[in-house]
Amino acid sequence: MTKKPFYITTTLPYVNAEAHVGHALEFVRADVIARYKKLLGYDVFFNTGTDEHGIKIYQKAAQAHLDPQKYVDGISDKFREILPLLGISTDIKFVRTTDPHHVMAAQEFWKLANKNGLIYKKNYSIKYCVGCELEKTESELVDGRCPLHPLQEIEIINEENYFFRFSLYQKPLMDLYERGSSSDTNAESKNSFVIPNTRLNEIRAFVERGIEDFSISRLASKMPWGIPVPDDATQVMYVWFDALVNYVSTIGWPDDMVSFKKWWNETGGVVQYCGKDNLRQQSAMWQSMLMSVGLTPSKVIVINGFVTGEGGVKMSKSLGNTVDPIDVVREYGTDAFRYFVTKELHPFEDSPFTMEKFKETYNAGLANGIGNLTSRIMKMAADNLEKTDMPAPLSYEKLDSKEYFDAIEGFNLQKAMNVVWEKIAVLDQKIQKEKPFSLVKTDKEGGKKLITELVVSLGEVATFLLPLLPETAEKILTYIRENKMPESPLFLRK
RNA sequence: CGCGGGGUAGGGUAAUGGUAACCCACGAGGCUCAUAACCUCGGAUAUGUCGGUUCGACUCCGGCCCCCGCAACCA
């Protein structure tokens, strides 16, 4: 029997800076879904990588007196190294937009869109501030002037760029948002095209208002760090056009169509995680690009909120309220980070991440919650049961909780975590009420039966946690299998 | 009148017309299997504000105040 395929990807982080907690959050959440699908028997393609072209990187490399390729090699490696620290599945695919195969794919994508008449060249007037020596967008200007150099006139520079006929896609995009997900009829695709719904409304309103063609190239003489435009050495691709193509290049498009069809068509499309700042690019621009080369749209776009500092203020180095995910993992462990990201941060909205809050919930949920529960149950088991009495673990798909499965299918990992912690609370109550530790003294058999029930329930909790806190889940299942109490606490109180 | 989201105990959230709930923090008891853990009970001056609809409004409608995004070629 062949397994059903499933394809999920994170957004490729742009490597103009090192990994921050927002990236880590997205890796973890996508990983939970990837593991979940694997546990249900799917054949999973899980993609991430790094987005490495564009002006910002070109400038950053110049500042560091590095060749751009050297510079991106360094940062890309750092992103790759953070993945195991976060407990990300080791079979994840890591694509780089400087990979030769990706470069080729982006160029083929361009050629095809061009052949289909969706690309044209036109004069593009750039607003340029001589003071800053930079292009400015309309929204950056105040009263038509650069706020940093209000005495200088903004210059208008004309430059020939290639444009993509985004404007042709208003109707098709509206249809896509209306009918929800792509053509497949799986139960899971009852989700709307963009999750959560408020983001779907937002993008729908944006497209409905009217959309304009956007430029997809830059003059190579000004900014050479990009993929060359086919048959025009004077231009390189605008970084968005190149980067978005990774979602198809990573699964083999255009040269390995067997692989591509499996992961793109048989799956009903890709599940894409991204931050709310990517809503427009992923749920509108990218979808129109796909249509332009005759490919079916993505399956669903899941939008994360931002991680903020205390009180919802933006994290920034100057405010000193940033959190380095690597530091957190070093101090508290991988699953502690995964716990916080999935259970304490809001699944779709902005959410504050402070170390105070982290420690508080670590102690409450992990040390006092699952950690303590494991110790108390396994102590009773180790003292009163034989290894041969230990119950066999439940298989994941046999777990019984519609609420839990519905929550994960809807990408609401917080809700799924709450279901599990509810079960933990019930077990603590049960121990208190039925006192198996006293019962074994008066009624050995009755006590053993009760303890066995508790072990079964603990095993169930661990199984529920397999996609969410894989390391912890495996540890607990091992203790059960070997009928041992943890030699040291699962989560030490901090 | 640019568009959108939001304002609920100290903090974080839930509740789409019917007793305002949950987690953390806080207080008092209890238990002894467990990591000063766990269980029970409890207290909170909690629905931004003013008005409307309704038997009944966090929920629906309108005004006002405040916060946060977006306003396309920065990713």
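Convention: sequence-line order gives letters A, B, ...; per-chain numbering from 1.
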Test applied, side-chain contact (heavy atoms from CB on, under 4.5 Å); reference residue, A:Met285; option that passes from A:Tyr169, A:Phe166, A:Phe241: A:Phe166

- prompt: Taking the six-membered ring of A:Tyr479 as reference, does the NZ or CZ atom of A:Lys484 fall below 6.0 Å from its centre and within a 45° cone about the axis?
  reply: no

field: side-chain N/O A:Arg280 vs B:rA75 OP1/OP2, d < 4.0 Å
entry: no

- prompt: Rounding to the closest angstrom, what is the interatomic distance between B:rU45 and B:rG56 at atom C1'?
  reply: 24 Å

message: Taking 4.0 Å as the cut-off, does a side-chain nitrogen or oxygen of A:Asn368 come that near to OP1 or OP2 on B:rC38?
response: yes

- prompt: Is A:Asp51 touching bases, backbone alone, or none of the nucleic acid, heavy atoms closer than 4.0 Å?
  reply: sugar-phosphate

task: Test A:His23 against A:Phe79 for ring pair (Phe, Tyr, Trp, His ring centres under 6.0 Å), laying out the working first.
output: CA-CA 9 Å; A:His23 297 128; A:Phe79 272 93; 5.2 Å; yes

query: More 5' along RNA chain B: A:Leu490 or A:Lys343, using each one's nearest nucleotide?
result: A:Lys343

query: NA contact type, A:Trp240, heavy-atom cut-off 4.0 Å: base, sugar-phosphate, or nothing?
result: base

- prompt: Are the ring of A:Phe214 and the base ring of B:rC73 both nearer than 5.5 Å at their centres and tilted by less than 30°?
  reply: no

message: Categorize A:Glu212 for me: base, sugar-phosphate, or nothing, with a 4.0 angstrom heavy-atom threshold over every strand shown.
response: base

message: Please tell me if A:Gln429 has a side-chain N or O lying less than 4.0 Å from either OP1 or OP2 of B:rU40.
response: yes

- prompt: When the P atoms of B:rU19 and B:rC26 are considered, how many whole Å apart are they?
  reply: 31 Å

message: Heavy-atom nearest nucleotide on RNA chain B for A:Gln414 versus A:Tyr14: which residue maps closer to 5'?
response: A:Gln414

message: Applying a 4.0 Å non-hydrogen cut-off, can you work out what A:Ile211 is touching in the nucleic acid: base, sugar-phosphate, or nothing?
response: base

task: Compare side-chain N and O positions of A:His346 against OP1 and OP2 of B:rC23 and report whether any pair is under 4.0 Å apart.
output: no

- request: Could you tell me if the ring centre of A:Phe340 sits under 6.0 Å from that of A:Tyr362?
  value: no

message: I need the A:Glu26 CD to A:Cys274 SG distance, nearest 0.5 Å.
response: 6.5 Å

message: Given A:Tyr339, which partner from the list A:Trp421, A:Tyr332, A:Phe358 fulfils the ring pair (Phe, Tyr, Trp, His ring centres under 6.0 Å) test?
response: A:Trp421

- prompt: What's the CD-P distance between A:Glu202 and B:rA71, to the nearest Å?
  reply: 10 Å

query: In whole angstroms, how far is the P atom of B:rG4 from the CG atom of A:Asp277?
result: 21 Å

message: Need one value for A:Thr361: base, sugar-phosphate or nothing, where a base atom within 4.0 Å counts as base even if backbone is also close, heavy atoms only.
response: nothing

- request: Remember a base hit wins even if backbone is also touched, and classify A:Ala367 as base, sugar-phosphate or nothing at under 4.0 Å, heavy atoms.
  value: base

task: Quickly work out the A:Lys276 NZ to B:rA71 P distance and round it to whole Å.
output: 12 Å

message: Need one value for A:Gly210: base, sugar-phosphate or nothing, where a base atom within 4.0 Å counts as base even if backbone is also close, heavy atoms only.
response: base

query: Hey, does A:Val239 reach any base, or is it just sugar-phosphate, or nothing, if we go heavy atoms under 4.0 Å?
result: sugar-phosphate

task: Send over the distance from A:Ile370 CD1 to B:rC23 P, rounded to a whole Å.
output: 17 Å

message: Rounded to whole Å, how long is the line connecting atom CD of A:Gln287 with atom P of B:rA72?
response: 21 Å

query: With both distances kept under 3.5 Å, what pairs with B:rG2, Watson-Crick or G-U wobble?
result: B:rC70

- prompt: Is the distance from OP1 or OP2 of B:rA37 to the nearest side-chain N or O of A:Arg493 less than 4.0 Å?
  reply: yes

field: N or O in side chain of A:Lys415 less than 4.0 angstrom from B:rA14 OP1/OP2
entry: no

query: Reckon A:Gly54 touches a base, only the sugar-phosphate, or nothing at all at heavy-atom distances under 4.0 Å?
result: nothing

message: Regarding A:Tyr238, tell me which of base, sugar-phosphate or nothing describes its non-hydrogen contacts under 4.0 Å with the strands shown.
response: sugar-phosphate

- prompt: How would you label the contact of A:Asn372 with the nucleic acid (heavy atoms, under 4.0 Å): base, sugar-phosphate, or nothing?
  reply: base

- request: Compute the ring centroids of A:Trp110 and A:Tyr162, then answer whether they are less than 6.0 Å apart.
  value: yes

